[in-house]
Amino acid sequence: MAPSIPSAMERPHFIGIGGAGMSGIAKILAQRGAHVAGSDARESATVAALRESGATVHIGHAADHLAPDASCVVVSSAIRPDNPELAAAAERGIPVVHRSDALAALMDGARPIAVAGTHGKTTTTSMLAVSLDALGLDPSYAIGGDLDAPGSNARHGEGEIFVAEADESDRSFHKYEPQVAIILNVELDHHANYASMDEIYESFETFVGRVRPGGTLVVSADHPGARELTRRVEGRHDIEVVTYGDAEDADVRVLKVNPRGLTSEVTVVLGGKMLTFTVSVPGRHYAHNAVAALAAGVALGLPAHNLASALGKYTGVKRRLQLLGEAGGVQVIDSYAHHPSEMTADLEAIRGAAADARILVVFQPHLFSRTQELATEMGQALALADACVVLGIYPAREDPIPGVTSALIIDAAGAAGADVTPEHDMAAVPELIAGMSKPGDLVLTMGAGDVTELGPRILKRMARRES
């Protein structure tokens, strides 16, 4: 076996191998020569890509899917204790490894950049992966979304840099020891795991405490939660803290973000010098993600002007304001936004790029716990659209909470002045949008669940209107 494979992961079995975080680790291990196997609830393009990489993937969960010679079982926090494959591992004494421990082991010996924050992690990690690759540095990376094709969320590179998305949702980012850590923003989310902002701050402080001595923390100078976190970690004198943003006291100051259709021209002052570069995605939110990536690369010793030019090679990641196509004079865009701040940022970005076009949103709430806590804010964000359709809640790993339905969001959206239509039958949405839309409109499918499957169906229905 290749020396870069931890011995416990020579023959790993992944439960839920098709998930965004799990599939990336599985892919890297397969590229390093491990005999990867796993299971997932259903067939998907990601599962197909894993099979192409040499992995054995079973559909459904059953004890006999666990091979007799499995060296470990890899799980995420979403795997329930009564999963039959997990139970079989316990009976047979096979070690169980959390996804974050597996990723931490893969970063051993590398120069890791860990990207954290309540929003923007996937985009910023992707920007770094693409730009470092464009510079010929051949990085390894593990991202929570696909760059340009199913399975492109991870890669084993021969270079010394490893870029990873650092997930705070279950505190798993405490496992990493980055040379450079990025914190984009700090807000209360993942309400099943965090009861208060104090708990969130404590968790991010622990993450900062894992930065290697001599390393760098890159942190937003604009976001109130990030500024408070910076104040809380001022006593950490063995790392450099680099702030970025619009604020006058930012170390990397954003002077201008000029929208140019679906791209932005960004001007910053870094090290006393002015630098202008283009980001091929719209909106200030994404421009600031690019500036965070720029600051992190400079912290690793890369020339700022080279990295700025390379950042222009980034053209987006799947589900992050991804243009799916146009039919019947209507463009359909897919957005992963599911937290009010993300929803607001994406809608403002599209509004800035869309000129006078009407914006129609199909929104699917994600998680009962998030809806319970943030329904009002979600409704207020949806009021930024010209009209919206709200679906039922996508439960993911959660059980229903009595009294918590998408009606909470619908009522809040109406109170905020939104033109809102409830629709719990996803199959009815393409026809509904066909009736609501007219040539020149933009349609956003928005949410972290299976709402993403609606975009192609809407386009197909709109194409019939053309014929």
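- Residues T122 and E165 bring a donor and an acceptor atom of their side chains to less than 3.5 Å of each other.
- If you take OG on S437 and CZ on R358, they are separated by 7.5 Å, rounding to the nearest 0.5 Å.
- Within the 3.5 Å criterion, the main-chain N or O of E265 finds no donor-acceptor partner in the side chain of N258.
- A side-chain N or O of N153 and one of S23 form a donor-acceptor pair less than 3.5 Å apart.
- Atom-to-atom distance recorded for R232:CZ and D198:CG is 5.5 Å, nearest 0.5 angstrom.
- For the pair D386 (side chain) and L360 (backbone), a donor-acceptor distance under 3.5 Å is absent.
- For T445 (side chain) and T452 (main-chain N/O), no donor-acceptor pair under 3.5 Å exists by modelled atom type.
- For the side-chain contact (heavy atoms from CB on, under 4.5 Å) criterion with M378, the lone passing option out of R370, E373, H338 is R370.
- Once rounded to the nearest 0.5 Å, the distance linking CD1 of I161 with CG of L302 reads 5.5 Å.
- Under the 6.0 Å cut-off for aromatic ring centres, F207 and Y176 do not qualify, their centroids lying 6.0 Å or more apart.
- Proximity of a side-chain donor or acceptor of S406 to a complementary backbone N or O of L391 within less than 3.5 Å is detected.
- Proximity of L294 to F277: side-chain heavy atoms (C-beta onward) are separated by under 4.5 Å at one or more points.
- Note that CZ of R461 and CG of L432 are 11.0 Å apart. Values are rounded to the nearest 0.5 Å.
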